[in-house]
Amino acid sequence: MSGTTDRPQRAADQAAPLSRSGLLRHAIEGAELGFLMEAHNGLSAKIVEEAGFGGIWASGLTISASLGLRDSNEASWTQVLDVLEYMSDATTLPILVDGDTGYGNFNNVRRLVRKLGERGIAGVCIEDKLFPKTNSFIGEDQPLAEIEEFCGRIKAGKDSQASDDFVIVARVEALISGRSMDEALRRGEAYRAAGADAILIHSKKSDAAEIFEFCRRWENRAPLIIVPTTYYATPTELFREAGIAAVIWANHLLRSSMTAMRETARQIRADQSLREVEGRVASVKDIFHLVGNAELEEAERRYLPETPRPRAIVLAASGGDLGDLTRDRPKCMIDVRGRSLLQRLAMTLGDSGIRDITVVRGYCKEAVNLPGLKTVDNDSFATTGEVFSLARASAAMAGEVVVAYGDILFRNFILDSLLSSKADVVIAVDASAVGDAQPRARDLVAADRPFTGNYLDDDPAHLLRIDNDPGSSQPCGEWVGLARFSATGAQWLREEIAALEADGLLQTANMPLLLTRMAARHPVRVKYFTGHWMNVNTLGDLADARNFT
Ligand code: SPV
Ligand code: MG
């Protein structure tokens, strides 16, 4: 196993890729030093594969610990089998299972090997101790199995494997148990003769001297596997030179996750807040990515009856005035930590299932050219307003549609909440953006009910008007620049644009005017939020945006 996911091919049959057992066998019998990385559940198995390893060690210690149990056969073997099934399903890699002692005598090993084969497991390692086992790093002089009896377990396992390639590794615990090197070699030889495909020679010393002595005297009679947990400082090159077949990194994903989980738990407990940890932990999106949500979406497109998806219109025709930054591009194309505002907006829309996005361009329109986005142009952007831009995208105003300003960033839950609303028109309003402390708020919303923040208060609020007149009665919030229209709402939108045109206002009208007029004829639902969004009007906003993502 070369540490990459390259799949070796059978020499005799170039067309057929190797089975997982074949891959494990190739790793152990091939000329290259192989590496097996520990995993203890489906997620960690995926992380091993993602890292580029070619094989997995399903550790008894870490599977037990992740179940909150001791490495003393406290989990029954069928419970371990259940975990292995998740791991096997989660990855394409070959898995070498730590089968402890085989969970009993030869008879238990027979059944274990059959069941592992059925679950797509590539091989099993059994150790020459007695059931129930104790972890090798606990205590001294652990009792060992009689050599003949353990050979019977190996033979029974080999006679029970359904596939020729299934790998049985025999683990010699003699050095762990304080027995002599001669005994370790005698045991290794007996297990090889009984049919073991490889020998795992285990040591708990802090240097690899006894491992190298074993290797020398073993003289390559069968592949050797090692677990350098305690002699971790030994350079890997020395293992290569010693002719070792494979190295098992036995428990480091569980140990590293314990460190990370403790730190996160401690911080959240101390802070009573998620603020500090948010940027330091894997994102929820990362979870979706790792467990393959994209594949499910693809399958849904194949197998579910098609449901019309909402579209989006992004109003991005105006240039914005951010000095040099907007000299050759509109505001929506300014970089915010490696991605433009527009790209971030498109990603947020995409995360809520909106892929059909029409951007209305105007200022420096050539600079707005993101793949996958449709564009329409408002070439008279300098003398017209937002509704004129919106009207340019009338083709996208059939069925459910979201209208967003091109200079906003917002958290997904805001959009998801608009999308799940039963109302025909619903707008996102930030109730925390108004008041004396927030003099910069624009697009001030007057509604028939203010935001209360009361959990039990779920009576809907409706728009009365949006304007920028500070003299109007106490506003209920600031319009975020995000609105959703059902198919009926989109019809109202087209009608309102036509009415503005009839009134000679199409050139100059902005979105607040359109929504205010619409609210006079139809219910326009207000959804209150507090924060979790921003728009970029100034260099200060831009600095904030760079922290927002
Ligand atoms: C395991 O990972 O469970 C092992 C290796 O058996 S050790 O903990 O070193 O015994
Ligand atoms: Mg173990």
Side-chain angles (χ1 to χ4, degrees), residues 24 34-41 44-45 48 53 55-77 79-81 83-84 87 95-104 108-109 112 116 121-145 150 153 167-179 184 187 191 196 198-208 210-211 214 224-234 239 244 246-258:
L24 182 60
F35 298 99
L36 299 179
M37 182 75 216
E38 172 264 330
H40 47 274
N41 57 21
S44 53
V48 173
F53 281 96
I56 290 174
W57 168 248
S59 153
L61 169 66
T62 68
I63 290 176
S64 305
S66 67
L67 296 171
L69 298 175
R70 291 164 284 215
D71 188 17
S72 305
N73 293 126
E74 289 186 335
S76 75
W77 75 273
Q79 287 172 328
V80 173
L81 202 60
V83 175
L84 294 173
M87 291 173 64
I95 299 175
L96 177 63
V97 167
D98 176 1
D100 290 342
T101 59
Y103 305 100
N108 302 89
V109 173
L112 174 68
L116 291 176
I121 299 297
V124 65
C125 173
I126 54 172
E127 62 198 52
D128 53 358
K129 292 203 300 224
L130 303 172
F131 182 90
K133 57 76 57 86
T134 303
N135 184 273
S136 302
F137 299 136
I138 295 176
E140 304 295 333
D141 305 327
Q142 292 188 16
L144 297 186
F150 190 68
R153 287 188 234 168
V167 172
I168 296 194
V169 177
R171 167 164 157 179
V172 175
E173 289 279 290
L175 302 178
I176 293 279
S177 293
R179 309 288 180 97
R187 282 177 175 266
Y191 306 158
I199 300 299
L200 190 160
I201 179 68
H202 204 7
S203 165
K204 59 179 177 182
K205 292 271 166 57
S206 58
D207 65 66
E210 66 181 13
I211 289 291
F214 186 96
L224 287 183
I225 300 175
I226 59 167
V227 185
T229 304
T230 51
Y231 47 99
Y232 59 84
T234 310
F239 300 145
I244 284 161
V247 173
I248 292 173
W249 312 121
N251 43 43
H252 299 78
L253 291 195
L254 183 90
R255 286 165 61 191
S256 56
S257 66
M258 281 173 63

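No hydrogens, no waters, no symmetry mates; every other heavy atom, side chains included, goes into these values. Whatever order the structure lists them in is the order used to number ligands and atoms, beginning at 1.
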Are any of the N/O atoms on [X], whether in the backbone or the side chain, positioned under 3.5 angstrom from an N/O atom of ligand 1?
X	value
G60	yes
H202	yes
L61	yes
T62	no
D98	yes
T229	no
N251	no

- [ ] If you have a sec, work out which protein heavy atom is nearest atom 6 (O) of ligand 1 and how many Å separate them, to one decimal?
- [x] R171 NH1, 2.7 Å

- [ ] Please write down residue, atom name and distance for the protein heavy atom closest to atom 8 (O) of ligand 1.
- [x] N135 ND2, 3.1 Å

Task: Residue S136 vicinity, atoms of ligand 1 by number, heavy atom under 4.0 Å - done: 10 (O)

Open item on the list: If you count every heavy atom of other residues, nucleotides or ligands that lies below 6.0 Å from R70 atom CZ, does the total exceed 12?
Closed with: no

Open item on the list: Just by distance, no angles: are the side chains of R255 and T229 close enough, under 3.5 Å, to form a donor-acceptor pair?
Closed with: no

Open item on the list: Could you check whether E74 and S64, counting side-chain N and O atoms only, form a donor-acceptor pair closer than 3.5 Å?
Closed with: no

Task: Per atom 2 (O) of ligand 1, closest listed option by heavy atom (S59, A65, A58) - done: S59

TODO: Determine whether the aromatic ring centres of F53 and F35 lie less than 6.0 Å apart.
DONE: no

Should [X] and [Y] count as an ion pair when the cut-off is N to O under 4.0 Å?
X	Y	value
K129	D100	no
K204	E140	yes
D128	R187	yes

- [ ] Could you tell me whether the side chain of K205 and the main chain of T230 form a donor-acceptor pair under 3.5 Å?
- [x] no

- [ ] Of all N, O or S atoms in D98, identify the one at the shortest distance from the Mg ion (ligand 2).
- [x] OD2

